[in-house]
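Encoded as structure tokens, the structure appears first; notes follow it.
Labels below follow one simple rule: chain letters A, B, ... track the order of the sequence lines, proteins then strands, and each chain is numbered from 1. All of these numbers come straight from a predicted model, not from anything done at the bench.
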Protein chains: 4
Amino acid sequence: MPQPPAVARPPRQKRSRESLERALTAAIEVIVDHGWDGFTVAEVSRRAQVSVGSLYARFGSKEDLFIAAQERYLHGIDEECSAYFTDAKWAQLSPRETVAAAVQGVSDSIERHGGFLRGLMLRAVVDPEVSAHGSPSIHHLAEAFSAVILVHRDSIRRVDPELAVDVCFRMVFSAFGRRLLYGPVFESPREFSWERFRAEQTRACCAYLLGSGSEDPA
Amino acid sequence: MPQPPAVARPPRQKRSRESLERALTAAIEVIVDHGWDGFTVAEVSRRAQVSVGSLYARFGSKEDLFIAAQERYLHGIDEECSAYFTDAKWAQLSPRETVAAAVQGVSDSIERHGGFLRGLMLRAVVDPEVSAHGSPSIHHLAEAFSAVILVHRDSIRRVDPELAVDVCFRMVFSAFGRRLLYGPVFESPREFSWERFRAEQTRACCAYLLGSGSEDPA
Amino acid sequence: MPQPPAVARPPRQKRSRESLERALTAAIEVIVDHGWDGFTVAEVSRRAQVSVGSLYARFGSKEDLFIAAQERYLHGIDEECSAYFTDAKWAQLSPRETVAAAVQGVSDSIERHGGFLRGLMLRAVVDPEVSAHGSPSIHHLAEAFSAVILVHRDSIRRVDPELAVDVCFRMVFSAFGRRLLYGPVFESPREFSWERFRAEQTRACCAYLLGSGSEDPA
Amino acid sequence: MPQPPAVARPPRQKRSRESLERALTAAIEVIVDHGWDGFTVAEVSRRAQVSVGSLYARFGSKEDLFIAAQERYLHGIDEECSAYFTDAKWAQLSPRETVAAAVQGVSDSIERHGGFLRGLMLRAVVDPEVSAHGSPSIHHLAEAFSAVILVHRDSIRRVDPELAVDVCFRMVFSAFGRRLLYGPVFESPREFSWERFRAEQTRACCAYLLGSGSEDPA
DNA sequence: GATGAATGAGGCTTCATTCAT
DNA sequence: AATGAATGAAGCCTCATTCAT
């Protein structure tokens, strides 16, 4: 599982730790509320009640501040993800139910953290550091997703089940990520609710992984 | 099919048409080479050998210049897309081959125009005008994709074949679009070639649409 | 009386004269509608349906265009003024009535042409050419104002009646001019209607020129 | 009496207060030396030895900088005005002398601050904020002018002495303001010294307010 | 360490004027 | 002569980063 932030210079005193705390919280809020375009050092300073100078003392640059906020935020997601995917419930699910629940885990996570993820994904396109620091959390999610499904490895009708599950994860993650950034009618005028979209993704994954029997009840 | 650019004020004289041409070409180049961040009015002016004033005479604002470049570029893609999807070859393909070729059409288009599309997609997240002007071309592609596959409607084992094909398009487009923006190992450390990725997308679509028989030859 | 425009290069052909005509009319309209800030060469060109090049061919610079428009406009005012102040009616008026009518003449003229005069006065502060070209018309008005009042020279209880009348004109012109530019409550919060203001100006002039007997009926 | 500037964000440190000081001083100088047209942010920055960014940190916009300079300047005038009109001398003056001194107070103030007032008045025509922020100081002057004269209310032969005095103030202020902006021969070719002009204004006011006895000693 | 004022490069846009057609 | 496209200097403003206190 990804580790806590390593970017910021570690603070020694309590007061310092608190203001670092506020800085990260504020940075996240700014991203959520105003997106990357509204993410200015001055705005974070104002919200965090931490001086610009301190921010630079701690983070070195705007980019690093962003990355630290990102790590902080993703750390939270990681824990959520771990909690979701290590629950006891999984043991009792059928392959099909497992896929459904796994897809739902990914979908929910993206939907719930949409505000921040928008800013993050936008930035990751352009800034390799952001991309590099964001990747592990997604890998972690991918890993968890794969693990629960691969429990049913025998039901997977693919030569390379690991690969197949990986492909599923990519499909699902891409589809929801895209929807998050561009809305439901960017690629196609047909509108879907988030739930319906998830249901279809699930069906597609089942069909791909589990093969026959996944057709609609005709 | 989407229409040619309507954003720029039409020039009257030949010299003028040439410089408009240069402006659009330069704008596209700048986006390809330096992305949105490098897309400054001054830079386009320099590359196009067209004065800033002329750009504003023609496009009114930086945003409009971007959109005009976008329309110009997408118009080219639209034509490519139309050419690809209206070819005679389609008549002779099996459902499975049809899906494969359709996926490949989308995949190739995205790969070939990756440079520009990166800038465009990045911008579409934030600027609703860009999004609105970009959408039709993707809808056009979606339509073409759907049309060729729906020829084999009878082979589709879904209650709502139109919807199913739409979902496929979204999956494929999202997956390739994402890979374009973030590279092959962003979501998962497992590396894929573009071709392999396409092959798996195809399998997934076949499984989802065509049902049994789509398993790997075990 | 001031002469017609001498600034613009005289046109030879009819078509030319017409477009020069349109240019001047348009220039005036622009000043009236959008003030000096909206007075751009491009805007005049658009309204006049005369190319920018032609405007420059004719007027040499934006400043000269403005001055030509000014002369054209003021020429009209001059004629109005002449008409007003040479009417037969004056012969039958008492000194007091004469002052009242003269003040009204000035007041009406300023009010009626307020739209253009605002732009003109604003410009005259800053541009000596504009000031120099505008002056004669006001001098003309001053002259007419003085002339009708000086008919009653014997009633004027001042050592230097010419000077006294001149002072009156300045007072009246300044007061109305100022009101035109700044509105009724700029100098003092007490509001006046334009008519009331004129009435008081008249009283002041009468008091100053004609002396005792000008008090309010106590 | 109008209050000191409230527009600029208050500085916390000494260095800061000094540079704010320099900014305002420089802004005023620029207006005096080059008028509104020369009042550019860059020029103020240069003169004040204060960076553009600092100006914006403090004033938010060019307009606000102008208004802050205006408030600063007018505050000085207000104090001068208060000093002049609350002096003990007034108690000993006759009505006629009082009017003369009051007119002189207005006249001197306008003459002394001509440089700045030109820029200010020019701007007030076009910018309602400037107008609104300038008005109170003139109202203050009007109030002082009225107060000293209304001490002699019994000598004023007008039904409404307050109104009459107000009218006088407007006449005087307009006349001097106009002369300031346009010079002595704009309305009439007859040249006057500033003093002579003031003398006549005084006579006119006396005649209007005090009635008979104001004739020139024939 | 912490603060927040100061810096100034760099971005967008306007518009008077010129000049090729 | 007439046209209107082209030019580019100049203006306003933002914001990442530095640095005096």
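Taking 4.0 Å as the cut-off between side-chain N and carboxylate O, Glu63(B) and Arg123(B) do not count as a salt-bridged pair. In summary, Glu43(A) and Arg47(A) engage in a salt bridge, as defined by a charged side-chain N under 4.0 Å from a carboxylate O. With salt bridges taken as basic N to acidic carboxylate O contacts below 4.0 Å, none links Glu29(C) and Arg22(C).
Rounded to a whole Å, the CZ atom of Phe66(C) is 16 Å from the C1' atom of dA16(E). Between Phe59(A) atom CZ and dA2(E) atom P the separation is 11 Å, expressed in whole Å. The nearest whole Å value for the distance from the CZ atom in Arg47(C) to the P atom in dG4(F) is 18 Å. Atom P of nucleotide dA16(F) and atom NZ of Lys62(A) are separated by 4 Å, given to the nearest angstrom. Between Arg58(D) atom CZ and dT7(E) atom C1' there is a gap of 13 Å when expressed in whole angstrom units. Atom CG of Asp64(C) and atom C1' of dA16(E) are 13 Å apart (whole Å). Across the protein-nucleic acid pair, Arg46(B) atom CZ and dT7(F) atom C1' stand 17 Å apart, rounded to whole Å. Separating the CG atom of Asp37(C) from the C1' atom of dA16(E) is a distance of 15 Å, rounded to the nearest angstrom.
Side-chain N/O atoms of Tyr56(D) include one lying less than 4.0 angstrom from OP1 or OP2 on dC13(F). Regarding contacts with the backbone of dA5(F), every side-chain N or O of Ser54(B) stays at 4.0 angstrom or more from both OP1 and OP2. Between Arg17(B) and dA5(F), a side-chain N or O to OP1/OP2 separation shorter than 4.0 Å is absent. Note on Ser61(A): every side-chain N or O is 4.0 Å or more away from OP1 and OP2 of dA16(F).
Residue whose closest nucleotide on DNA chain F sits further toward the 5' end, between Leu55(C) and Gln49(B): Leu55(C). Place Glu63(C) and Ser51(D) on DNA chain E by their nearest nucleotides, and Ser51(D) ends up nearer the 5' end. Of the two residues contacting DNA chain E, namely Val41(B) and Thr40(C), the nearest-nucleotide position lying further toward the 5' end is that of Val41(B).
Residue Leu117(A) holds its CG atom at 6.0 Å from OH of Tyr73(A), rounded to the nearest 0.5 Å.
Applying the Watson-Crick and G-U wobble criteria (two distances, each under 3.5 Å), dG11(E) pairs with dC12(F). Nucleotide dT21(E) is matched to dA2(F) when pairs are restricted to Watson-Crick or G-U wobble geometry with both distances under 3.5 angstrom.
Among the protein residues, Val52(A) comes within range of the nucleic acid bases, having at least one heavy atom under 4.0 Å from a base atom.
A perpendicular orientation is assigned to the rings of Phe39(D) and Phe66(D), their planes being inclined by more than 60° (bins at 30° and 60°).
With distances taken from any side-chain atom of Ser19(B) to the nucleotides dA6(F), dC13(F), dT7(E), the minimum falls on dA6(F).
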